[in-house]
Amino acid sequence: MNMHKNHPFHMVDYSPWPLTGSIGGLTLTSGLIMWINKINSYIMWMGMMILLLTMMQWWRDVIREATYQGNHTQKVMNGLKMGMMLFIVSEIMFFVSFFWGFFHSSLAPTVELGMLWPPKGINTFNPMEIPLLNTMILLCSGITITWAHHSLIEGKLKQTSTGLMITVMLGIYFSMLQGLEYLESSFCMSDSIYGSSFFMSTGFHGTHVIIGTTFLMICLMRNSMFHFSSKHHFGFEAAAWYWHFVDVVWLFLYISIYWWGS
């Protein structure tokens, strides 16, 4: 195979992962339908396993292309940055739909809700307790990930690892506290539009925190293996952008749902 090329673009090699990913997506969707209809959950778990294995091996190949094969030139990285920006914009619109639904119901409560908000019988969370603590945790994690990013730009890999480790620990702590909050909740998702709005928005945000924490854990491992340099670290940069997005969404969730909405 001729390895020489006269352009800065990355022509990707043949890969089985788009095929296995689509098979995993179809299997997971079919399994979810079966699980919702209380048939069984085996197909759903099988689809989830196929997707997880596909993601692990696909991202492994991307890391190899970027770190060892030198395929991620500046031109390629610019394209990846644009792709990550557009992905975050799509995620913002995803959460906008939840906020739209929440404010649509809360600003003009219907007769079915008793014309009041929160609906009668819903005991909301005290915004000054666990929600405020979680807010401080995410704000602090935003500081530590920024510290790690600037340390990497300055070539201080030990400080980068320290900042990443603290951020990961804060992310895990946030998820644990949110799980505890859900366990102590006096209402559930089927308790009127408030329960649906609350658990859909905070639940999807919690899922994003878990994904972001995993993203940062991979960056921590890669930094310990010297995959990043001060000039070439888009994987870390993408994780930092994603984490800042998670922070900002939580601030809107806290102000809207926990503080104003309760």
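- Heavy-atom minimum distance, Ser230 versus Gly155: CB-N, 4.5 Å.
- For the 3.5 Å distance criterion, the side chains of Thr20 and Thr54 qualify, holding a donor opposite an acceptor.
- Taking the six-membered ring wherever Trp is involved, the centroid distance between the rings of Trp250 and Tyr258 falls below 6.0 Å.
- When side chains are defined from C-beta on, Thr135 counts as touching Leu251, because their heavy atoms get closer than 4.5 Å.
- Two rings, from His149 and Phe236, have their centers less than 6.0 Å apart.
- A side-chain donor-acceptor contact under 3.5 Å links Trp243 and Ser141.
- Looking only at atom types and distance, the side chain of Asp61 has a donor-acceptor partner in the side chain of Trp17 under 3.5 Å away.
- Between Ser175 and Val209, the shortest heavy-atom distance links the atoms OG-CG1, 3.7 Å.
- Of all the heavy atoms in Phe199 and Ser185, the pair that sits closest is CZ-OG, 3.6 Å.
- Aromatic rings of Trp241 and Phe215 (six-membered ring for Trp) have centroids beyond the 6.0 Å cut-off, not under it.
- Among all heavy-atom pairs drawn from Ile130 and Glu184, the shortest one is CD1-OE1, 4.5 Å.
- Ring centroid separation for the pair Phe98 and Phe204 comes in under the 6.0 Å cut-off.
- The heavy-atom pair separating Tyr182 from Thr202 by the smallest distance is OH-OG1, 2.7 Å.
- His208 and Glu91 form a side-chain donor-acceptor contact under 3.5 Å, judged by distance and modelled atom types alone.
- Side-chain rings of Phe102 and Phe198 stay apart, their centers remaining 6.0 Å or farther from each other.
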